[in-house]
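Just so it is clear: chains get the letters A, B, ... in the order the sequence lines come, proteins before strands, and each one is counted from 1.
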Amino acid sequence: MSGQIENVSRRRFLKNLGISSTALVIGVQLPGLSLMPKALAASSDNAVFEPSVYLQIAQDNTVSVIVHRSEMGQGIRTSIPMILADELEADWQQVKVIQGLGDKKYGSQNTDGSRSIRRFYQPLREAGASARMMLEQAAANIWQVPVAQCQAQSGHVVDKAGARQLTFGDLVAAAQQLPLPEKDKIVFKAKQDFNFIGKENVALVDGHDIATGKAVYGYDVQLPEMKIAVIARPPVLASKIKSYDDSAAKKVPGVIAVVKMPDVEEPVLFKPLGGIAVIATNTWAALQGRKALKIDWQVNQDHQTYNSDSYKAALNNSCDNPAKVLRQKGDVTKALADADQVLSAEYYVPELIHAPMEPPAATAHYHDGQFDIWACTQTPQSAQNTVAQFMQVEPEKVNVNVTLLGGGFGRKSKPDFIVEAAYLAKTLMMPIKVEWSREDEVQQGYYHAVSYQKLRAGLKNKTLTAWQHNVALPPIGSTFSKGADLIGSESGLGLVDMPYQVANVSCAAGKAPAHTRIGWLRSVTNINQAFAVCSFADELAHARDLDPVQNLLSLLGDDRLIDLTKEQTEYGNYGESTDVYPIDTARLKNVVNRVAELANWSKPRPKNHGLGIAVHRSFVSYVASVVEVSVNPQGKIKLEHVWLSVDCGTAVNPERIKSQMEGAAVFAISLAYYGELTAKNGVIEQGNFDTYQMARIGEVPETTVDIVDSDAPPGGVGEPGVPPIVPALTNAIFAATGKRYRELPLKQYDII
Amino acid sequence: MITLMINGKAHQFDDDGSMPLLWALRDVLKYTGTKYGCGKGLCGACTVHLNSQPVRSCSLPVSAVGDGEITTIEGLSENGEHAVQQAWQQLNVPQCGYCQAGQMMSAAALLENNKKPSDDDIERAMSGNICRCGTYQRIKQAIHLAVELKE
Ligand code: FES
Ligand code: FES
């Protein structure tokens, strides 16, 4: 459990091999040395007080915070130190950030599911508070005064009765001798005493390095004698190599080797996809070499049948023949029959891909029976274990250094690209950096599943009496279990947790076989399921002759905690207990009210403008969005403004919460406007930003973010902004134009 | 052998002259501040200055550079003092930061040619730079701030 902290320094476990600084990645001569943390390597006789795996205080007064989560733009390398420094009462100037290696001692390092703060806020506060108490005790012992008289204050412990003080560094030797305070004796700071938590007074830890081009991403790693590899992977999933001719590739100046990768067997898991690797002294030569390869594929017959048009028809059909009921309350069939008004609607969201600005890249060096790896990974432990398994070494023989990530969005929690680098490094006995091109990233990814959804609602006297929601989409489970064709945990992402107060509910899923690797992408199936649920809610507003805000509040109904177990419904709740993180309709209604006020909802707008609203709970946070659009005489849409109200419980780093919400708006606009991958005979037809477009600066309106002041346990932030924005946008288009768009992307309607 | 002037320093380059400047910078000369995003002039991540004009280094062969002066993010200022770099830091513009070298190089070039750009000017000049993290709003603010910092 991540909640355990231990006094590592007492065990003198100071080999420090578990820590590495990305700053040392460039130009290191001996890979072994690169594993030494910069701050500590520089002062090896500098005694260190290490009261937790996340924290080291050195005699030179440096407070090193070991960030064990991956930085991909969410600001975690700033937020984790904020929490620790606050409880510790450190001065921000003395704080150094060290990126943790992949190591299970940190607890989970899987930086996905919007859970870094959710899972580690409390353990990190405990670590900081424990260290503070020990430093205060150390000062009390030195001064021979009661500990109550000693108080930590921005990097010092002061004697409240006298004018004396000691720095944290001065107290290291004495603090090292002390036991950790017992868990139930830890005294936390009161909210009003926070220096950093909930404040916006700290600049980004990596801000200067980014502004000066010094920040090191996975793509930037350089090792002596390192070569670059690009791989021609099978265009159709799980195809094999029949034969290949690399003679022309080998003639390209700079190409030094061509290596056949092992063919992949399903389930694909996080294994390399196979193909032919071209290794060269530089990327350009490797790419030219790859172009010159002639490969005869033994194409996978099953996956070759994947064509988006026919697949869409099959999904549609599958919605009508659900294989599994996931939530059942009352009797929907009867309620629909008894209704005096029945609405139905169908929604379609195509297959999507992450497209982080930095495509996957990983560097591996194999020496002395072990792998040293540098990669832009969201999951260093899974990288470690997958490499170990694939290369048949012990996990301890795989050191995973985490670089900065040039975006992740879920792609970089799949370590297939890291295994490729490890395989090639060992095969060729030289350091290898595997680089994915943009086309590789778009055509060989772990995709957000294409989905078809059918919803029906029954109204009686304008009151919602029946809600039926059928879904068909290829499941993430297919990546891990060959042939899996029915959703699992996806049902908890906006399907069965539909929060409206209605007596009769049925949610069900149809089968859908996967023909590409299916994975999770920022907010996962909340993308399509919230799109359907929140769009359909808006359709109900019009059927009920209600203002959309009033309609939403009325659908959400009484203030209550929704307990799905009472309906024998399986619900994952993002891995959290529903006691701590219930589905709370009062919080949903609160963000609806707040965002409506923020957007000045009832203020009349110009005739060609429209407002749309949506609210959705995901990753145990609550987000409501209002979007304003205008339509010009040519029928083209312009986004005027996005407003978001966010209740993510305790807001640790409001500045980064805002930036995540601003980013979520752009992410949502990209997918609503342009997001569509299509397959032809099993091959993804798009390849780069010309065919898989992204929203650009001129298409994106100002986003205003409101954060609810809350003392509830922290919820997710990275993902929950995305789901409500897409339906708020299409609802706004309806308000402006009278047209409902239930199939994405919007570019097909000629309104962008 | 080609001599490349990068950030005021001469570098000898004796690889394939058809190699795009991006890879020459990154892989051969180890200026890794300039990023790859698409390789086709579609995203702007690779933007550098050639004789003070913004160019996409992924689409510019080394042989076409001639004796032009190249500036990369590493050479935009000594230590991040350029108004654009300052503004970027003050407003915490970056999320992942990967696109930001290209964004800043585009923004710096814009401010060379247009001392006080409007929102429209900014949108036009920056439309070739994708930010997948979605920092556009702050990029716009930061360019306005950079104008103030310069004054
Ligand atoms: S990498 Fe040059 S424009 Fe994208
Ligand atoms: S900050 Fe991540 S792509 Fe722009």
Side-chain angles (χ1 to χ4, degrees), chain A residues 26-27 71-75 203-204 206-217 219-220 222 228 253-254 281-285 287 355-359 404-409 435 437-438 655-656 659-660 662-667 669-670 688-690 694-698 700 702-703, chain B residues 15-16 18-20 22-24 26-28 30-40 42-43 45 72-77 79-80 82 84-86 88-90 92-101 104 120 122-124 126-140:
Chain A
I26 296 248
E71 176 63 68
M72 49 191 170
Q74 82 281 41
L204 284 179
D206 298 305
H208 187 263
D209 281 355
I210 291 170
T212 51
K214 294 192 189 81
V216 177
Y217 298 84
Y219 237 93
D220 300 333
Q222 305 281 347
I228 309 272
T281 53
N282 64 75
T283 308
W284 179 242
L287 289 169
M357 279 317 285
E358 177 198 35
L404 291 179
L405 282 62
F409 312 117
E435 297 180 346
S437 69
R438 175 61 54 199
E655 196 278 329
R656 283 297 92 179
S659 78
Q660 280 303 290
E662 291 159 14
V666 178
F667 198 89
I669 293 164
S670 284
N688 210 316
F689 292 127
D690 46 354
M694 295 293 138
R696 293 179 184 259
I697 192 165
V700 169
E702 197 179 322
T703 298
Chain B
D15 266 290
D16 179 1
S18 70
M19 185 187 296
L22 171 67
W23 302 118
R26 291 183 51 81
D27 291 349
V28 183
K30 313 296 181 199
Y31 287 97
T32 53
T34 304
K35 304 302 186 203
Y36 164 81
C38 70
K40 289 192 170 163
L42 302 167
C43 78
T72 69
I73 185 69
E74 292 95 337
L76 189 59
S77 68
N79 193 26
H82 189 284
V84 162
Q85 291 167 304
Q86 289 296 318
W88 248 246
Q89 290 175 73
Q90 276 186 36
N92 287 330
V93 170
Q95 287 185 33
C96 81
Y98 190 82
C99 73
Q100 299 296 347
M104 286 184 282
D120 278 353
I122 293 173
E123 285 176 13
R124 228 169 296 126
M126 303 298 293
S127 68
N129 288 81
I130 295 176
C131 175
R132 177 59 159 160
C133 296
T135 62
Y136 297 128
Q137 170 166 341
R138 296 197 192 202
I139 287 171
K140 225 182 262 182

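Remark: A/N282 CG to B/D27 CG distance equals 5.5 Å, nearest 0.5 Å. We find the CD-SG distance between A/E358 and B/C99 to be 12.0 Å, quoted to the nearest 0.5 Å. In this structure, CD in A/E655 is found 4.0 Å from CG in B/N92, a value given to the nearest 0.5 Å. Distance check: B/R124 CZ to A/I697 CD1 gives 12.5 Å after rounding to the nearest 0.5 Å. Between B/Y98 atom OH and A/D220 atom CG the span is 6.5 Å, to the nearest 0.5 Å. Separation of atoms OG1 (A/T283) and OH (B/Y36) is listed at 9.5 Å; rounding is to 0.5 Å.
Heavy-atom distances place the side chain of A/P359, and not its backbone, under 4.5 Å from chain B. For a residue to count as touching a neighbouring chain, one of its non-hydrogen atoms must lie under 4.5 Å from one of that chain's; by this rule A/S437 touches chain B with backbone and side chain alike. For a residue to count as touching a neighbouring chain, one of its non-hydrogen atoms must lie under 4.5 Å from one of that chain's; by this rule A/I228 touches chain B with the side chain only. Heavy atoms of B/S18 lying under 4.5 Å from chain A belong to its backbone as well as its side chain. For B/R138, the part lying under 4.5 angstrom from a heavy atom of chain A is the side chain only. Both the backbone and the side chain of A/A203 come within less than 4.5 Å of a heavy atom in chain B. Looking at A/M357, the atoms closer than 4.5 Å to chain B (heavy atoms on both sides) sit in the backbone and in the side chain alike. Interface remark: A/L405 contributes backbone atoms only to the contact with chain B (heavy atom separation under 4.5 Å). Residue A/Q74 does not touch chain B at all, counting heavy-atom pairs closer than 4.5 Å.
Minimum heavy-atom separation, A/I210 to B/M104: O-CE, 3.6 Å. For the pair A/V700 and B/K140, the tightest heavy-atom approach, listed with the atom from each and the gap, is O-NZ, 4.5 Å. Considering every non-hydrogen atom in both B/I130 and A/R696, the closest pair reads CD1-NH2, 3.3 Å. Taking both residues in full, the closest heavy atoms of B/C38 and A/F689 are given as CB-CD1, 3.8 Å, listed atom of the first, atom of the second, then distance. Residues B/Q89 and A/H208 share a closest heavy-atom pair of OE1-CD2, 3.3 Å. Of all heavy-atom pairs spanning B/N79 and A/K214, the tightest one is OD1-NZ, 3.9 Å.
In terms of non-hydrogen atom pairs under 4.5 Å with chain A, the most contact-rich of B/G33, B/S77, B/C133 is B/C133. Taking B/H82, B/Q90, B/K40 one by one and counting their heavy-atom pairs under 4.5 Å with chain A, the maximum is reached by B/K40.
For the pairing with A/W284, the side chain to side chain contact (heavy atoms under 4.5 Å, CB included) check across B/D16, B/L22, B/D15 returns one residue only, B/D16.
At distances below 3.5 Å, not a single donor-acceptor pair connects side-chain atoms of B/R132 with backbone N or O atoms of A/F409. For B/Q137 (side chain) and A/E702 (main-chain N/O), no donor-acceptor pair under 3.5 Å exists by modelled atom type. Panel note: side chain B/Y136, backbone A/A695; a donor-acceptor pair is recorded below 3.5 Å.
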